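Bear in mind that the values here come from a model prediction, so they are computed numbers and not experimental data.
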Amino acid sequence: MGVVMCLTVSLTTLANLTGASLVADYALIAVAAVAARLTRATAHASYKMPLWPLPPLLALASLGYAFTQQTRLLIQVTLITMGIGLVYWAIVILLQRGRAWNLREAPVDEPAASSVENPRPAR
């Protein structure tokens, strides 16, 4: 889809569509942060957002303003694109029920050999 857009749409339109998509993406991230905290999904997380709930609320307010500055066409194309992604997720990813897109076992880095463990002989 990206290749078709690059070949058929002006650079200005592509830049505007990218901006509208980013506004929607970041708004969804802010909503997810609020929802995760309200449902206690992050209760045992090692990181707690400072000044909670100010960052996601400020983000939503500023992104809401940015969204009002977009044209109707940009908003429609953004929502259609996100809808296509949601349909793809529902048909392809969700139906695999954990057989794909999951790490079987988290990779563990081996400790690097340091000069303390393997000292070089003095010359």
Nonpolar side-chain network containing L28, other nodes, edges under 4.5 Å: M82

Rounded distance [0.5 Å steps], CG in L22 versus OG1 in T78: 9.5 Å

Nearest heavy atoms of K48 and H44, plus distance in Å: NZ-N, 4.5 Å

Same apolar cluster: L86 and V92, side chain cutoff 4.5 Å: yes

Approximate separation, where rounding is to 0.5 Å, of Y88 OH and I84 CD1: 13.0 Å

Nearest heavy-atom neighbours spanning A33 and M49: CB-CE, 4.5 Å

Hydrophobic cluster identity match, V77 and I75, side-chain contacts under 4.5 Å: no

Side-chain donor-acceptor pairs under 3.5 Å in residues 8-19, sequence neighbours left out?
residue : atom : partner : partner atom : Å
T8      : OG1  : V4      : O            : 2.7
S10     : OG   : T13     : N            : 3.2
S10     : OG   : T13     : OG1          : 2.9
N16     : ND2  : T12     : O            : 3.3
T18     : OG1  : L14     : O            : 2.8

Side-chain donor-acceptor pairs under 3.5 Å in residues 53-71, sequence neighbours left out?
residue : atom : partner : partner atom : Å
S62     : OG   : L58     : O            : 3.0
S62     : OG   : A59     : O            : 3.1
T68     : OG1  : Y65     : O            : 2.5
Q70     : NE2  : A66     : O            : 3.3
T71     : OG1  : L74     : N            : 3.3

